[in-house]
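Structure first, then comments.
By convention in this document, chain letters (A, B, ...) are assigned in the order of the sequence lines, proteins followed by strands, and residues within each chain are numbered from 1.
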Amino acid sequence: MNDVHTELRDLVDDITAAPRDPDRLWDTVVGLGLHTIGVPEDRGGSGGDFADLAAVVGRFAHRAASVPVAEHAVAAWASTRAGRPLPAGGPLVVVFAAGAGGPYPAVPWGRRAAGLVVVGPDDAVRYADLAGRRVEVGEETNPAGEPRDAVDAGDIPLADLAEAPDADAIRARIATLRAAALAGACAGAYELTRSYVRERRQFARPLIDIPAVAASLATMKVAGLQVQAAVDRAVDLHAGPAGPESLLAAAAVARVVAAEAADTVAGLAHRLHGAMGVTREYGLHPLTTRLWAWRDEYGDEESWARLLGTHTTDGGELDLWERLTG
Amino acid sequence: MAGTRARETTAAANGRAGTGTTVADLRRQVRDLTDRWRVQGRYTPRSDNWMRGFDLDFSRELARRGLLGLAWPTEYGAGLGQVARLAVTEELLRAGAPVAAHWIGERQIGPAVLGHGSPELRAEILPLIARAEAVFCLGMSEPEAGSDLAAVRTTAEAVPGGWTVNGRKMWTTGAHHATHIYLLARTARTERRHHGLTEFLVDMDTAGIEVTPIIDLAGEHHFNEVTFTDVHVPAHRLLGTVGEGWRRVVEQLSFERGGPERVLSTYPLLARCVHALADEPPHARDLQIDLGRLTARLATLRRLALGVARQVDEGRAPTVEAATLKYLGNDFENDVVDFARRVCLRVPDPDLRAAFAQALLASPGFTIRGGAADVLLSLIARQETRT
Ligand SMILES: Cc1cc2nc3c(=O)[nH]c(=O)nc-3n(C[C@H](O)[C@H](O)[C@H](O)COP(=O)(O)OP(=O)(O)OC[C@H]3O[C@@H](n4cnc5c(N)ncnc54)[C@H](O)[C@@H]3O)c2cc1C
């Protein structure tokens with residue numbers, strides 16, 4: 001972690017220290033410019049690179065905060081690259097549409113969205129400006145209670161974003177950020193569990209002194225290191241000359257590993273917390289429910305695994321090796 | 001720039017890796033060499049060949065090309081660091097090449113001698129390892145000291161001019177080929193078991209050393225029992241400081257555990273599976289998804305190995321990271337074997353079946369050698385209790 005990342009992390013910790021309602025948190029985020037990291041300043045963004053953005057997204061997840069930073073930052077990056085100015089507030093949201101038009105299911109923060117960057121099944125990238133328009137929203141949530149709405153943009157015209165980045169590059173970016181969020185939530189759940197088993201006493205000693213407990217905790221730790229390595233690998237690739245296909249493959253690696261880690265970490269965190277972990281009041285469920293929700297958002301685990309498997313059988317072993325070591 | 005190019009030319013001219021050699025050059029060199037040897041039928045790629053494939057000629061060919069001691073300072077090696085060395089070791093593992101003759105010495109004895117050997121010991125031992133003339137085995141485990149290594153009972157008693165060693169080492173891989181043994185012995189009986197341990201480098205042809213084979217479940221002879229009866233070890237073969245062996249052996253374990261061989265033992269089998277599946281897909285969609293999952297884990301493990309190499313280059317001993325890599329990597333190696341079993345059920349290919357059977361019989365040792373999986377977890381847990 002570099003100095004900028006440490007500063008960003010402290011900043012996120014600061015603004016999430018007390019629980020706030022999501023709207024006020026979003027306003028704070030906008031005020032600080034955390035929502036446009038990775039968008040150059042001359043295009044109305046806050047500057048910084050993708051690694052900075054991933055660090056922020058990961059830390060918000062670590063704090064179990066609900067805020068559409070990843071969604072907005074990627075939509076802002078894609079639309080400003082296509083020459084579209086940013087709206088004042090936001091959030092903007094990326095949507096991968098299954099068909100030619102709406103309605104779009106499970107749109108993150110659909111009820112608040114100021115605009116949608118829509119990637120079509122033909123990989124064309126378009127923009128729906130929702131500001132001041134009548135939009136039908138069916139309010140729904142994911143298992144963590146975060147807005148995932150059905151949005152029917154009706155007859156709102158879709159503007160072509162001809163100069164937008166490649167559809168796969170957009171997919172890779174948002175998927176990598178979901179992996180970063182999963183890694184952050186894994187770390188959060190791990191830290192909470194670690195302090196719990198060090199403090200909670202049974203059989204006249206701290207739980208961590210029981211070897212089976214210690215081994216479960218170590219299993220969580222190892223899963224966390226693994227997912228962070230996969231995320232770092234994918235994030236680093238964005239700093240180099242890698243093309244959309246490689247970025248997507250690295251995102252797939254991170255998502256497959258993150259889904260497995262999410263499963264391990266959420267399961268063991270609950271196991272080691274006993275009944276305390278299933279209470280509404282205690283802070284574990286905001287992390288574990290997010291782990292369960294996020295692993296299948298912006299592409300489910302199985303489809304990411306299939307993408308990698310197909311690459312490998314189509315490309316052959318040498319190609320696999322060069323991807324690994326390149 | 002000009003300087004770099006000049007060095008590159010010199011290195012290229014004598015065909016040896018040196019400062020200025022790029023990682024791409026190193027990979028190409030290893031691939032050319034392994035391709036040539038394979039095509040000439042001088043070796044057959046197989047799983048776990050870093051432990052099972054003993055071929056001094058091959059190790060010496062690598063040495064001639066300057067590919068051993070790659071990470072060591074230029075006085076003894078190529079001065080290229082662990083990250084460059086990783087390129088070479090992982091290419092060798094991919095090729096399933098017979099590298100056992102130099103593997104242990106180059107991996108962990110060299111760094112240990114560099115780290116805390118006397119100048120005399122460095123001058124004696126490092127060139128021997130870099131030329132693949134010294135073949136090392138590891139005398140750590142004993143009948144009563146397995147996971148609990150601090151329980152070693154083999155003793156070294158101070159005598160004029162050196163030490164007298166008595167005791168028994170077990171599971172010593174490659175002792176029957178070795179010229180030297182790294183020996184962890186007790187030089188003092190103290191209250192605290194972790195004190196009083198000392199490291200030595202001993203010539204295998206010293207009088208009083210006896211090697212007895214132990215045959216493994218595949219019917220192969222790799223490990224041994226090594227007994228020491230009044231074995232004289234000259235004073236200059238002490239490694240490090242008397243009584244301080246424990247700290248050093250723990251450091252050495254990061255080298256032993258943190259390399260790509262803890263991930264790639266069954267890569268040659270995985271490569272065969274990829275070939276086999278290339279023509280199959282429509283009826284093997286589920287296998288393709290599982291192959292994708294293995295790919296994701298492998299890419300991540302490779303990143304972890306890179307992380308360990310970088311930390312070592314920064315002068316740290318990444319104990320937890322190395323244990324993590326080994327723990328997750330061994331799991332991956334075993335899952336490759338099970339994946340191959342399922343591919344075999346779908347694709348009739350006798351060569352693949354044979355490769356699977358060979359890897360299967362090698363696999364039970366993966367999680368045991370170099371520290372059992374449960375032990376690694378308790379090591380990681382202990383670290384988490386402290387910090
Ligand atoms: C193929 C192979 C090659 C080897 N080569 C060498 C070599 O060259 N040189 C050498 O010195 N040694 C070598 N070894 C020995 C190896 O280091 C030991 O086998 C290993 O350290 C475990 O010791 P053990 O077999 O005595 O098992 P034990 O220590 O008896 O342990 C048995 C099992 O008990 C459990 N266990 C033990 N302690 C703990 C703990 N603290 N926490 C949780 N669980 C625990 C684990 O599940 C462990 O697998 C080799 C072993 C193998 C399999």
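- Under the 4.5 Å side-chain criterion, counting only non-hydrogen atoms from C-beta, B/R31 is in contact with A/W321.
- Residues of residues 289-307 of chain B having a heavy atom under 4.5 Å from any heavy atom of chain A, listed by number: B/I289, B/L291, B/G292, B/R293, B/T295, B/A296, B/R297, B/L298, B/A299, B/T300, B/R302, B/R303, B/L304.
- By number of non-hydrogen pairs under 4.5 angstrom with chain B, the leading residue of A/R323, A/E322, A/E260, A/R255 is A/E322.
- Inspection of non-hydrogen atoms places B/L377 of residues 368-378 of chain B under 4.5 Å from chain A.
- For chain B, no part of A/L307 is nearby; none of its heavy atoms comes within less than 4.5 Å.
- With a 4.5 Å cut-off on non-hydrogen atoms, A/E191 does not touch chain B at all.
- With a 4.5 Å cut-off on non-hydrogen atoms, B/Q383 does not touch chain A at all.
- With contacts defined as side-chain heavy-atom distances shorter than 4.5 Å, the pair A/E317/B/R94 qualifies.
- Options A/E302, A/R198, A/R306 differ in how many heavy-atom pairs under 4.5 Å they form with chain B, and the most are formed by A/R198.
- Contact residues of residues 343-356 of chain B toward chain A are absent (heavy-atom distance under 4.5 Å).
- For a heavy-atom cut-off of 4.5 Å, chain B lies close to A/I208, A/A214, A/A215, A/L217, A/A218, A/T219 in residues 202-220 of chain A.
- Within the 4.5 angstrom heavy-atom criterion, atoms from both the backbone and the side chain of A/R233 approach chain B.
- Heavy atoms closer than 4.5 Å to chain A are found in both the backbone and the side chain of B/E90.
- Proximity to chain A is limited to the side chain of B/R27, based on heavy atoms less than 4.5 angstrom apart.
- Heavy atoms closer than 4.5 Å to chain B are found in the side chain of A/D236, but not in its backbone.
- When each of A/L320, A/L225, A/T325 is checked for heavy-atom pairs under 4.5 Å with chain B, A/T325 comes out on top.
- Put simply, OG1 on A/T310 and CG on B/L277 are 11.0 Å apart, with the number rounded to the nearest 0.5 Å.
- The local environment of CZ in B/R36 is crowded, with over 12 non-hydrogen atoms from other residues, nucleotides or ligands closer than 6.0 Å.
- Residue A/Q228 does not touch chain B at all, counting heavy-atom pairs closer than 4.5 Å.
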